[in-house]
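Working notes, beginning with the structure itself.
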Amino acid sequence: MFPLSSAAPSLSQQAQAYVQGARYLAALNPEQRAGVETLDGPVLVLAGAGTGKTRVLTTRIAHILATGRARAYEILAVTFTNKAAREMRERVEALVGEGVEAIQWLGTFHAISAKILRRHAELVGLKPNFTILDTDDQIRLLKQALKAENIDDKRWPARALAHQIDAWKNRGLSPAQVPAGEAHSFANGKGGVLYALYQERLKILNAVDFGDLLLESLRLFRERPDVLAEFHRRFKYILVDEYQDTNTAQYLWLRLIAQGRRNLCCVGDDDQSVYGWRGAEVENILRFEQDFPGAKIVRLERNYRSTGHILAAASHLIAHNEGRLGKTLFTDGALGDKPTVTGVWDSEEEARAVGEEIEQLQRRGHALEEIAILVRASFQMREFEERFITLGLPYRVIGGPRFYERAEIRDALAYLRCVSSPADDLAFERIVNTPKRGLGDATLQLLHEYARRESVPLTHAARVLTESEEIRPKPRATLRGFIDDIERWRALSETKPHHELAETVLEESGYTDMWREEKTPDAAGRLENLKELVRAMEEFPDLSAFLEHVSLVMEVDEAAGSERVSIMTLHGAKGLEFETVFLPGWEEGLFPHQRSLDDNGRAGLEEERRLAYVGLTRAKRRAKIFFATNRRIHGLWQATMPSRFIDELPAANVEVVESASASQYGAYGVSRFAGLDRYSSGYDTPGWRRAKEAKSQPQGKRAAPPIIEGRVLSKSTASAPFEKGARVMHLKFGPGTVQEVDGDKLSVAFDHAGTKMVKAAFLERG
DNA sequence: CCTAGGCTCCTTTTT
DNA sequence: GGAGCCTAGG
């Protein structure tokens, strides 16, 4: 991070730091230094956006180590994401030098809880090798529970129950602790029963879900003071990142574990709390002083990231929230460019305008790596992607489906789980008929009945039933073959290295063949992913170490480095920074999102506003806000109004600009800053009239024909025949050359979008 | 047992 | 508009 201003610590302070032999302190400003050096007792570091919070955390750890206050294994450092944990570890190592003993207890809440539970599993009724289930397994298990209770899963979907149970777990509530009223809220009073049933089932499977990692270790702390005391003795210093994101369970967990020596340092920013919808309680950070009497509060308000106007705009916006701890960010740096606000006709023009501005920046020598488009909801991404493909502009979508969430990877893992633990019913169910073996519901039903009756795992039931006459001969033989395979693989796992075993299993089970035979375009990619999985396994000593990694560290390394524009959600952008940030879709209903307002009222609105604040403060030098007056929502074109957040920006620090593409194509851009307050009164603008016309059209149809590169693609010109080699233009894919002609279908090699089959009606000579 | 077609939902996302 | 999920029919 480059300070925009001259270094804040005074010369004498810097010199002092060197005298003490603590070189790392010299780089800090006085507030950061207080955050590092206030080691005794509870400390809350309120770190505004871009004020160097990670630096404080990492330097604090280095300082504790350097002063000999604690050894590396006596420090507990908790983060929310694996990414944050990794970054913290790397930066601490850079400060103290590698080779120093690793900080064992640095990790996510979940990873650390898992580590604690593996050590004391028996005390909470688990075996140390318990399985950690992900959302997918969780849902399937709940579906079974619903079925067992004869509940219509149409009316009461398993997904909704999963959310409810998660919400209870986030609040630290076991089935017995759920308030009666809430327990009855699901499925006409069955909610509590289902929760209890689900927990029972987990115990039988020797499994926990993510919420349980926290909840069970919390229970352990509560029920076993001796165990808790052991952790009190061990952890001399505790650090927590992103404290504003803690949920109640995490808060209770922390409070218990920090009770010992009370050397707790929490770092966070109440203005960046954007995870309320998954259980985060801003109140935790607001209440810190009451929770930890005698706590010192350190405020980091000197911003090293953004230029003045951006900071002013963000600060003014967030000031509309009530119930803040209150910080005033400032910078000694230049005022820089004002954030811009641009109105466009619709989302298509928005993508076009953003694309054009990016090309302009590119021409002026700006790095694409330093440009990001931050959207509220992921459906907004597609339009930008399409536009960028047309332009041949390299981009990267961040936060797509994660590697370990892909079906082929989960299937492969299910095979391995089956081999490594015979009792893993969920894994068995997942792959028993993948690839298709002719073992359908009917057979599985028989296995389930037997397994339930005898309280044995499904594989065991399968073994027994293949010896009886209960299953018809054909599936019986298949089933026997299959469990023989599993047992053979299990025997093999004694001798074969685990990654070779994985290869064998995937080959012999016919799983890789299944994809090889599949003709869909993504089959090749899936096979690639499977290879990548086997490669990744080599880095782990054994199968169980790998499976632990997979269940807790579900992510892929982003292929960073290459020159690309980033497209991501505002949530995903938290903690990142870019020279230029595009903020499209600032419209009522989308941002703030209607659902947020409907479900959570004022609190929802404030969280949305914090999200806007997060978005603006990602920008180092340029923030560009857009709103469209028409957007397709659920397939219907709707007229939209600019976001109230636009009107909450300080006019003095914001500039209204016309859309780059509007001037070219005669489209339409407007805002109250343009002088006419068109939106709060009257609705009589060309755009509004067109919006009304568009609305009265049959659904989904635009009034105007599609425009590309300033030309109208009309049917008459488009249907003229094309010959091989002709240069053509396509609405979505841009320019290309005709390769093959087959009636009205053409194979076209597009300059930027590869070769595709397209209809002649969508092409124009180019 | 498998597949096609109909129905429903649609914010954000980590572990 | 479209993905995913379930049901009905082959």
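Just so it is clear, the structure is predicted and the values come from calculations on it, not from any experiment. Labels below follow one simple rule: chain letters A, B, ... track the order of the sequence lines, proteins then strands, and each chain is numbered from 1.
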Separation of [X] atom [atom1] from [N] atom [atom2], in whole Å?
X: A:R140; N: C:dC5; atom1: CZ; atom2: P; answer: 12 Å
X: A:L636; N: C:dG2; atom1: CG; atom2: P; answer: 13 Å
X: A:Q638; N: C:dG1; atom1: CD; atom2: C1'; answer: 13 Å
X: A:K83; N: B:dT15; atom1: NZ; atom2: P; answer: 10 Å
X: A:R159; N: C:dA3; atom1: CZ; atom2: P; answer: 16 Å
X: A:I139; N: C:dC6; atom1: CD1; atom2: C1'; answer: 16 Å

Validation: residues 157-168 of chain A side-chain donor-acceptor distances under 3.5 Å, sequence neighbours left out:
{"unit_1": "A:H163", "atom_1": "ND1", "unit_2": "A:R159", "atom_2": "O", "d": "3.4"}
{"unit_1": "A:D166", "atom_1": "OD1", "unit_2": "A:Q138", "atom_2": "NE2", "d": "3.3"}
{"unit_1": "A:W168", "atom_1": "NE1", "unit_2": "A:E182", "atom_2": "OE1", "d": "3.0"}

A:K143 near the nucleic acid: base, sugar-phosphate alone, or nothing, with a heavy-atom cut-off under 4.0 Å?
->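 If one applies the 4.0 Å heavy-atom cut-off, A:K143 turns out to touch the sugar-phosphate alone, with no base involved.
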Output one line per pair: protein atom, nucleotide atom from nucleotides 1-5 of chain B, and distance, for all N/O pairs under 3.5 Å.
{"unit_1": "B:dC1", "atom_1": "OP1", "unit_2": "A:G440", "atom_2": "N", "d": "2.6"}
{"unit_1": "B:dC1", "atom_1": "OP1", "unit_2": "A:T443", "atom_2": "OG1", "d": "3.4"}
{"unit_1": "B:dC1", "atom_1": "OP2", "unit_2": "A:A442", "atom_2": "N", "d": "3.3"}

Going by an N to O cut-off under 4.0 Å, is there a salt bridge joining [X] and [Y]?
X: A:R602; Y: A:E606; answer: yes
X: A:E548; Y: A:R118; answer: yes
X: A:E349; Y: A:R352; answer: no
X: A:D598; Y: A:R595; answer: no
X: A:D137; Y: A:R430; answer: no

Heavy-atom side-chain proximity of A:N206 to A:T131 below 4.5 angstrom =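 Counting from C-beta outward, A:N206 and A:T131 never come under 4.5 Å.
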Are any non-hydrogen side-chain atoms of A:E149 and A:W156 less than 4.5 angstrom apart?
->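 They are not in contact (no side-chain heavy atoms under 4.5 Å apart), so the answer is no.
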If anything within 90° of 0 is syn and all else is anti, what is B:dT12?
->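 Nucleotide B:dT12 adopts anti.
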Table of protein N/O atoms under 3.5 Å from nucleotides 11-14 of chain B N/O atoms:
{"unit_1": "B:dT11", "atom_1": "OP1", "unit_2": "A:R595", "atom_2": "NH1", "d": "2.3"}
{"unit_1": "B:dT11", "atom_1": "O4'", "unit_2": "A:H593", "atom_2": "NE2", "d": "3.2"}
{"unit_1": "B:dT12", "atom_1": "OP1", "unit_2": "A:S378", "atom_2": "N", "d": "2.7"}
{"unit_1": "B:dT12", "atom_1": "OP1", "unit_2": "A:S378", "atom_2": "OG", "d": "2.2"}
{"unit_1": "B:dT12", "atom_1": "O4'", "unit_2": "A:R376", "atom_2": "NH1", "d": "3.2"}
{"unit_1": "B:dT12", "atom_1": "O2", "unit_2": "A:W277", "atom_2": "NE1", "d": "3.1"}
{"unit_1": "B:dT12", "atom_1": "O2", "unit_2": "A:R376", "atom_2": "NH2", "d": "3.2"}
{"unit_1": "B:dT13", "atom_1": "OP1", "unit_2": "A:T569", "atom_2": "OG1", "d": "2.4"}
{"unit_1": "B:dT14", "atom_1": "OP1", "unit_2": "A:R402", "atom_2": "NH1", "d": "3.4"}
{"unit_1": "B:dT14", "atom_1": "OP2", "unit_2": "A:R402", "atom_2": "NH1", "d": "2.2"}
{"unit_1": "B:dT14", "atom_1": "OP2", "unit_2": "A:R402", "atom_2": "NH2", "d": "3.0"}
{"unit_1": "B:dT14", "atom_1": "O4'", "unit_2": "A:R278", "atom_2": "NH1", "d": "3.3"}

Heavy-atom donor-acceptor pair, A:T81 side chain to A:A84 backbone, under 3.5 Å |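 Between the backbone of A:A84 and the side chain of A:T81 there is a qualifying donor-acceptor contact (under 3.5 Å).
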